[in-house]
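The next block holds one structure in the form of structure tokens; read it before the comments.
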2 protein chains.
Amino acid sequence: MKVLSKGTVYGLRALVYLATQKDRTGYVSIGEISEKLDISFHFLTKTFQMLTQKGILESYRGPSGGIALNKPAEQIFLFDIVKILEGDDFFDKCLLGLPGCGDFEPCPVHDFWKVAKAALKNEFEITSLAELGAKVTDERLRLSA
Amino acid sequence: MKVLSKGTVYGLRALVYLATQKDRTGYVSIGEISEKLDISFHFLTKTFQMLTQKGILESYRGPSGGIALNKPAEQIFLFDIVKILEGDDFFDKCLLGLPGCGDFEPCPVHDFWKVAKAALKNEFEITSLAELGAKVTDERLRLSA
DNA sequence: TTCTTTTGCGACTAAATACTCTTAAATCTT
DNA sequence: AAGATTTAAGAGTATTTAGTCGCAAAAGAA
Ligand code: SF4
Ligand code: SF4
């Protein structure tokens with residue numbers, strides 16, 4: 001039951017790392033994040049480019065450049081990141097792969113799935129990077145499942 | 001948010017089709033199912049082989065051979081099929097991809113995920129092929145999302 | 001200006017998933 | 001026995017996802 005792609009998980013872990021560095025001023029380089037979290041530099045770079053284009057991050061080139069959150073970590077939610085990295089339709093998918101997921105002739109799991117999806121969406125909407133950063137330790141960010 | 005692989009969804013649709021044919025005696029050929037549901041014959045075949053090996057289906061070769069449910073559709077649950085086709089660890093995966101998912105220093109979504117997973121698992125455990133077959137029409141089985 | 005640092009971006013490679021094809025084995029029909 | 005039907009099995013291909021590489025562009029430092 002893989003919910004998120006690798007790229008999304010990497011991006012998320014990286015953003016949480018950023019959130020834990022809030023006392024530092026200026027930019028954090030992708031190289032540092034890649035090294036600290038043991039994630040491929042170039043792979044991370046692509047993910048960050050997307051997040052920069054979508055306004056989650058601000059980037060700056062050159063010495064002592066890097067990336068930085070564009071908003072306080074309290075105002076960036078899992079929901080925003082996942083929608084960007086997994087696509088807008090992420091929370092609208094059907095469970096069994098039949099078409100519609102409308103209310104017309106639903107299969108037995110339809111209503112359940114509707115509720116489950118809504119719950120997941122809500123959880124993602126209320127969980128901020130700051131919250132994740134506060135609870136997740138450095139050690140746990142570094143290791144990957 | 002793709003939950004199940006294509007192979008699993010195909011298998012599920014095919015099994016539901018089988019469940020709707022319970023008045024027919026004997027075996028239903030893979031060719032017929034493949035044609036009726038517009039699923040690749042050989043791909044389906046592989047999935048069915050797995051289900052046969054694991055005791056969900058009974059198969060028989062030769063003219064008027066095919067496959068048949070090994071138990072009444074009322075006694076076959078989504079849970080059984082998904083565990084076979086997606087692997088035993090399907091319901092034990094972590095949401096954010098960090099290790100452990102133990103109760104030691106959980107991240108903010110850990111508890112939520114634990115509950116959500118349990119709910120999904122339970123739903124799959126109580127939903128039988130018969131139930132799915134009773135609610136899903138032929139038309140909806142045929143089309144894929 | 002020239003060199004270094006760092007992101008941006010596109011092409012390339014590898015691995016996993018999804019799908020196809022061929023042949024063998026079992027079973028029935030004639 | 002010979003041929004037809006149907007599943008079993010494994011190899012082969014295509015598409016998607018994951019990860020790598022190289023160089024251009026921006027910006028600071030010497
Ligand atoms: S009714 Fe069931 S199979 Fe159909 S779209 Fe909804 S969840 Fe999917
Ligand atoms: S605490 Fe969060 S990130 Fe860690 S294993 Fe549990 S759900 Fe995954």
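Just so it is clear: chains get the letters A, B, ... in the order the sequence lines come, proteins before strands, and each one is counted from 1.
Projected onto DNA chain D by closest heavy-atom contact, B:P63 and A:K46 fall at different nucleotides, the more 5' of which corresponds to B:P63. Place A:G65 and A:K2 on DNA chain C by their nearest nucleotides, and A:G65 ends up nearer the 5' end.
Aromatic ring pairs are classed by plane angle as parallel below 30°, tilted from 30° to 60° and perpendicular above 60°; the pair B:F124 and B:F90 is parallel.
With hydrogens and angles ignored, a donor-acceptor pair under 3.5 angstrom links the side chain of B:H42 to the base of C:dT22. Between the base of C:dT7 and the side chain of A:R61 there is a donor-acceptor pair shorter than 3.5 Å.
The interatomic distance linking A:E86 (CD) with D:dA18 (P) rounds to 8 Å, in whole Å. In this structure, B:Q49 atom CD and D:dT6 atom P are separated by 16 Å, rounded to whole Å. When rounded to the nearest whole Å, the span between CZ of A:F41 and C1' of C:dT5 equals 10 Å. The interatomic distance linking B:F43 (CZ) with D:dT7 (C1') rounds to 17 Å, in whole Å. Rounded to a whole Å, the CD1 atom of A:I30 is 16 Å from the P atom of D:dG19.
In this structure, of C:dT20, D:dA27, D:dG19, it is D:dA27 that holds the atom nearest to the side chain of A:Y60. When the nucleotides C:dT27, D:dA8, C:dA11 are ranked by their closest atom to the side chain of B:T45, D:dA8 comes out on top.
Residue B:Q53 is in sugar-phosphate contact alone, with no base atom involved, counting any heavy-atom pair closer than 4.0 Å across all strands shown.
A:L57 places a side-chain heavy atom less than 4.5 Å from the side chain of A:L15.
Taking all atoms of both residues into account, the shortest heavy-atom contact from A:K93 to A:W113 is O-NE1, 2.9 Å.
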